[in-house]
Amino acid sequence: ASLCDDAHVGYSCSMISNGFLIGDKTLALFEKINLSALQITIDGDEQTHNARRKLSNGGATYQRILNNIKILSSFPIRVVIRVNIDKSNINEFAFVKKAVRQMNPNALCLPALVTLEDTQDSEQRKKCFTDEERPEFYRHFMSDKSFLLDLEKCLGQGIATCAAEHYYSCVIDPKGF
């Protein structure tokens, strides 16, 4: 950011996170790098998320992530919660959205369609949506006016999809590589 400041060039960045390690040091870093938007991914309600996203010691992550979403409510960045939705957790989105909004009323919350990938095993593939099932997925959410408002805001800001799929994005693994 300082290089851009010296050159009088505007700069900001955004990132995707699991939301687990947000704290004072992380917030200081966000400010230093001029982070403007943070997308946090959640995999369903507390039970589903904790079953899918365990710590290496088997510990739960959901409540800490919600608490960190609350911490972010006082930080000047856009917060978008992307709830990964498959056939097994499609009815959990409303619950997650309500829990998120209780922690951070300004956070946008969107369902993200989990689709078939070549790398998935047969059990994962059974839960995923096919191309033919996409319209039904979206119809499921279209009756929710607040979903449509969040979607419109996100699309207008270019932050409604997984950035890992974009040309100038990078993915950093748990070891920092």
Side-chain angles (χ1 to χ4, degrees), residues 12-22 26 30 33 35-66 68-69 72 77-97 99-100 107-144 147-148 150-177:
S12 69
C13 62
S14 61
M15 70 178 274
I16 299 172
S17 171
N18 64 14
F20 189 77
L21 294 177
I22 295 170
T26 313
F30 289 172
I33 66 170
L35 188 76
S36 61
L38 176 64
Q39 183 181 96
I40 295 175
T41 56
I42 295 178
D43 281 0
D45 65 14
E46 185 169 8
Q47 181 179 355
T48 300
H49 180 87
N50 286 337
R52 294 179 183 184
R53 300 245 195 131
K54 300 173 194 158
L55 296 175
S56 60
N57 66 5
T61 58
Y62 184 86
Q63 284 301 320
R64 180 163 170 183
I65 293 167
L66 280 185
N68 289 342
I69 291 169
L72 289 166
I77 61 172
R78 285 188 316 269
V79 177
V80 177
I81 309 305
R82 189 182 82 222
V83 184
N84 296 319
I85 300 293
D86 59 35
K87 292 176 185 177
S88 70
N89 70 351
I90 193 167
N91 294 317
E92 297 173 15
F93 176 73
F95 175 82
V96 174
K97 183 174 181 175
V100 164
L108 302 176
C109 195
L110 292 174
L113 175 74
V114 178
T115 57
L116 293 170
E117 304 290 337
D118 292 337
T119 57
Q120 296 161 333
D121 66 30
S122 61
E123 286 305 306
Q124 290 173 312
R125 293 177 71 78
K126 288 178 191 174
K127 296 177 188 175
C128 296
F129 291 95
T130 64
D131 289 341
E132 294 77 25
E133 293 168 321
R134 282 179 191 236
E136 185 57 35
F137 170 86
Y138 290 110
R139 272 194 294 277
H140 183 85
F141 295 102
M142 288 303 178
S143 62
D144 179 353
F147 161 72
L148 294 174
D150 281 3
L151 179 62
E152 183 178 355
K153 288 176 188 174
C154 285
L155 289 174
Q157 298 167 3
I159 51 175
T161 62
C162 180
E165 299 172 353
H166 297 275
Y167 186 74
Y168 290 108
S169 296
C170 64
V171 176
I172 302 170
D173 73 9
K175 295 180 181 177
F177 297 103

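Worth knowing before you read on, the calculation uses all heavy atoms, side chains too, and leaves out hydrogens, waters and symmetry mates.
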Colleague: Measure the CD1-CD1 distance between Ile65 and Ile22 for me, rounded to the nearest 0.5 Å.
Modeller: 8.5 Å

Colleague: Looking at side-chain heavy atoms only, is the closest gap between Phe93 and Asp45 below 4.5 Å?
Modeller: no

Colleague: Leu72 versus Ile77: any side-chain heavy-atom pair under 4.5 Å?
Modeller: yes

Colleague: Distance from Cys109 atom SG to Ile42 atom CD1, nearest 0.5 Å?
Modeller: 7.0 Å

Colleague: Identify the two heavy atoms, one from Tyr62 and one from Ala99, that lie closest to each other, and give their separation to 0.1 Å.
Modeller: OH-CB, 3.9 Å

Colleague: Is Glu133 salt-bridged to Lys87, going by a charged N under 4.0 Å from an acidic O?
Modeller: yes

Colleague: Which pair of non-hydrogen atoms, one from Gln124 and one from Gln120, has the smallest distance, and what is that distance?
Modeller: OE1-CA, 3.2 Å

Colleague: About how many Å separate CD1 of Ile81 and CD1 of Ile69, when rounded to the nearest 0.5 Å?
Modeller: 3.5 Å

Colleague: Any chance you could lay out the side-chain contact (heavy atoms from CB on, under 4.5 Å) test for Thr115 and Cys128, step after step, and finish with the verdict?
Modeller: CA-CA 5 Å; Thr115 57; Cys128 296; 5.7 Å; no

Colleague: Using a strict 4.0 Å threshold on nitrogen-to-oxygen distance, state whether Arg125 and Asp86 make a salt bridge.
Modeller: no

Colleague: Look up atom CD in Glu46 and atom CZ in Phe95, then write down how far apart they are to the nearest 0.5 Å.
Modeller: 7.0 Å

Colleague: Please report the interatomic distance CG(Asn84) to CZ(Arg52), rounded to the nearest 0.5 Å.
Modeller: 8.5 Å

Colleague: So, Ser17 and Gln39: side-chain donor and acceptor under 3.5 Å apart, yes or no?
Modeller: no

Colleague: If you count heavy atoms of other groups shown closer than 6.0 angstrom to CG of Asn57, is the number above 12?
Modeller: yes

Colleague: Just wondering, are more than 12 heavy atoms of other shown residues or ligands nearer than 6.0 Å to CD in Gln47?
Modeller: no

Colleague: Which heavy atom of Ile85 sits nearest to which heavy atom of Pro111, and what is that distance?
Modeller: CG1-CB, 3.7 Å

Colleague: Mind checking whether Ile16 and Ile40 have side chains closer than 4.5 Å, heavy atoms only?
Modeller: no

Colleague: Would the distance check show the side chain of Asn68 and the main-chain N or O of Gly19 forming a donor-acceptor pair, the cut-off being under 3.5 Å?
Modeller: yes

Colleague: What is the distance from atom CZ of Phe20 to atom CG of Leu55, rounded to the nearest 0.5 Å?
Modeller: 4.5 Å

Colleague: Please tell me if the side chains of Leu35 and Cys13 come closer than 4.5 Å, counting only heavy atoms from C-beta onward.
Modeller: yes

Colleague: Quick one: do Leu108 and Arg78 satisfy side-chain contact (heavy atoms from CB on, under 4.5 Å)? Show the steps, please.
Modeller: CA-CA 8 Å; Leu108 302 176; Arg78 285 188 316 269; 5.7 Å; no

Colleague: Taking it one step at a time, do Leu110 and Val83 satisfy side-chain contact (heavy atoms from CB on, under 4.5 Å)?
Modeller: CA-CA 6 Å; Leu110 292 174; Val83 184; over 6 Å; no

Colleague: List the atom of Lys127, the atom of Ser88, and the distance in Å for their closest heavy-atom pair.
Modeller: CD-OG, 3.9 Å

Colleague: Test His49 against every option in Asn89, Asn18, Thr61, Thr41 by the side-chain hydrogen bond (donor to acceptor under 3.5 Å, both in side chains) rule and name the one that passes.
Modeller: Thr61

